[in-house]
Amino acid sequence: MKASNQRWKRFLALLLTAALLLLAAAGCGAAKQESQAAPESEAAAAQQEAQSPVDTSGVADASQMTTVEEVVEEGMVPVPPSEIADGVYSVKVDCSSSMFKITDCELTVADGAMTALLTMSGSSYLYVYPGTAAEAAAADPADFIAAGESAAGTNTFLLPVEALDAGIPCAAFSKNKELWYDRTLLFRADSLPLEAFQSGLVTAESLGLADGSYLVDVALTGGSGRASVQSPATLSVKDGHAVAEIVWSSPNYDAMQANGSSYAPVNTEGDSTFLLDVPAFDRPLAVQAETTAMSQPHWIVYTLRFDSASLERAAS
């Protein structure tokens, strides 16, 4: 009887030990599951946070911006899409901020509207908005223009363009600063080929100008703003071809380039004077002039515009 009781006690002890071992194993498994679930939970939280919308309500103030440059030159006249032939053109863009660097721009004109595909130098901006920074901060995010990607991996943006030679407000949202910055863009009409204006090009031939000498108002823009040209200028017409006498306010210009051609001065004394072909009136004509007034010769970019409405016969 005593031996039977001892066997029973040993059996109960074995059962208790087995139960304790099972409980310990279950506890380790639960702890392991918890330790594995923790990083998964953290990863999910991080992913959710990354997918949360960016706060786009901030606007950069003047102290947070670099120097703002004026891009619209005095005398510029806005050129609407109705004056440009449908097509795709490479166009030069001036920006009011050096921080918004555009390396290339393709202008598309179709059905009375213009769009520009900007290619940026980097990938610092998430969105742009066709308006001011304050308007962008208050706008529906659905109206933001999100960045695309160029072949080189930099940002691209597709923008509507109301007119060339006109300041167009464009807010840009910085990825790093998470603020909207005011920018002004100017798409230069003088960077388009003359063929772009063929639908409404005003020439000596289209005006029916007879051979002879005329006076025409000419406006100069560009450069530092200190130089000027004589206006009205003398215009000579022969067989439908017009040539303007361009007289500078300085004797220090020794060469000009325009229309794909180079020009030399026609005088040796007094203010520099050139005879320049005028392929069209009422359109910006891009020219370059080399000045010797600096420490070394330097080319300066200008724009000339000849006003057809001012044409009148020169006195004999």
Side-chain angles (χ1 to χ4, degrees), residues 39-74 76 78 89-108 113-189 191 222 224-225 301:
E40 292 177 1
S41 178
E42 291 172 4
Q47 184 177 7
Q48 184 177 3
E49 182 178 355
Q51 293 176 346
S52 297
V54 177
D55 181 6
T56 56
S57 61
V59 176
D61 59 34
S63 67
Q64 295 169 301
M65 298 177 63
T66 56
T67 302
V68 178
E69 300 178 4
E70 179 58 58
V71 293
V72 181
E73 300 168 1
E74 184 178 355
M76 278 188 164
Y89 309 96
S90 177
V91 64
K92 185 177 182 297
V93 188
D94 293 338
C95 180
S96 61
S97 172
S98 61
M99 301 302 291
F100 195 77
K101 297 178 181 178
I102 301 166
T103 60
D104 185 67
C105 184
E106 183 179 87
L107 181 77
T108 299
M114 295 187 292
T115 57
L117 180 63
L118 306 179
T119 300
M120 311 302 296
S121 64
S123 54
S124 300
Y125 297 93
L126 290 178
Y127 313 106
V128 297
Y129 180 81
T132 66
E135 290 170 340
D140 186 333
D143 295 330
F144 298 164
I145 299 172
E149 187 174 336
S150 71
T154 62
N155 285 160
T156 62
F157 295 101
L158 185 63
L159 294 173
V161 179
E162 293 182 3
L164 308 180
D165 285 359
I168 297 177
C170 174
F173 186 79
S174 169
K175 177 169 61 178
N176 295 329
K177 302 294 185 181
E178 294 193 355
L179 293 172
W180 286 102
Y181 288 81
D182 277 312
R183 308 290 188 231
T184 301
L185 304 180
L186 183 132
F187 299 85
R188 300 192 65 99
S191 65
S224 64
V301 177

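Expressed to the nearest 0.5 Å, how far OG1 of Thr154 lies from CD1 of Ile102 amounts to 11.5 Å. Annotation: the span from Asp182 atom CG to Thr184 atom OG1 amounts to 7.0 Å, rounded to 0.5 Å. To the nearest 0.5 Å, atoms CZ (Arg188) and CG (Asp165) are separated by 6.5 Å. Interatomic distance, Ser191 OG to Leu107 CG, rounded to the nearest 0.5 Å: 8.5 Å. For the atom pair OG of Ser97 and CG of Leu185, the computed distance is 10.0 Å after rounding to the nearest 0.5 Å. Between Thr66 atom OG1 and Phe100 atom CZ the span is 12.5 Å, to the nearest 0.5 Å.
In plain terms, the two heavy atoms of Ala166 and Val72 that are nearest each other are C-CG2, 4.3 Å. In terms of heavy atoms, Ala171 sits closest to Ala136 at CB-CB, 3.8 Å. Scanning all heavy atoms of the two residues, the minimum distance from Thr103 to Met120 falls at OG1-O, 3.8 Å. The two atoms that bring Ala116 and Val161 nearest to each other are CB-CG2, 3.6 Å, heavy atoms only. In this structure, Cys95 and Glu69 approach most closely via the heavy-atom pair O-OE1, 4.4 Å. Across every non-hydrogen atom of Gly167 and Leu186, the tightest pair is N-CD1, 4.4 Å.
Within a 6.0 Å sphere centred on CD of Glu178, other residues, nucleotides and ligands contribute more than 12 heavy atoms. Within a 6.0 Å sphere centred on CE of Met99, heavy atoms belonging to other residues, nucleotides or ligands number 12 at most.
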Derivation and outcome, ring-ring contact (aromatic ring centres under 6.0 Å, His included), residues Tyr125 and Tyr181: CA-CA 10 Å; Tyr125 297 93; Tyr181 288 81; 7.2 Å; no
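In this structure the side chain of Met114 reaches within 4.5 angstrom of the side chain of Leu164, judged on heavy atoms. Contact of the Thr108 side chain with the Leu117 side chain is not registered, since no non-hydrogen atoms from C-beta on lie closer than 4.5 Å.
By the 30° and 60° cut-offs, the orientation of the rings of Tyr127 relative to Phe173 is tilted.
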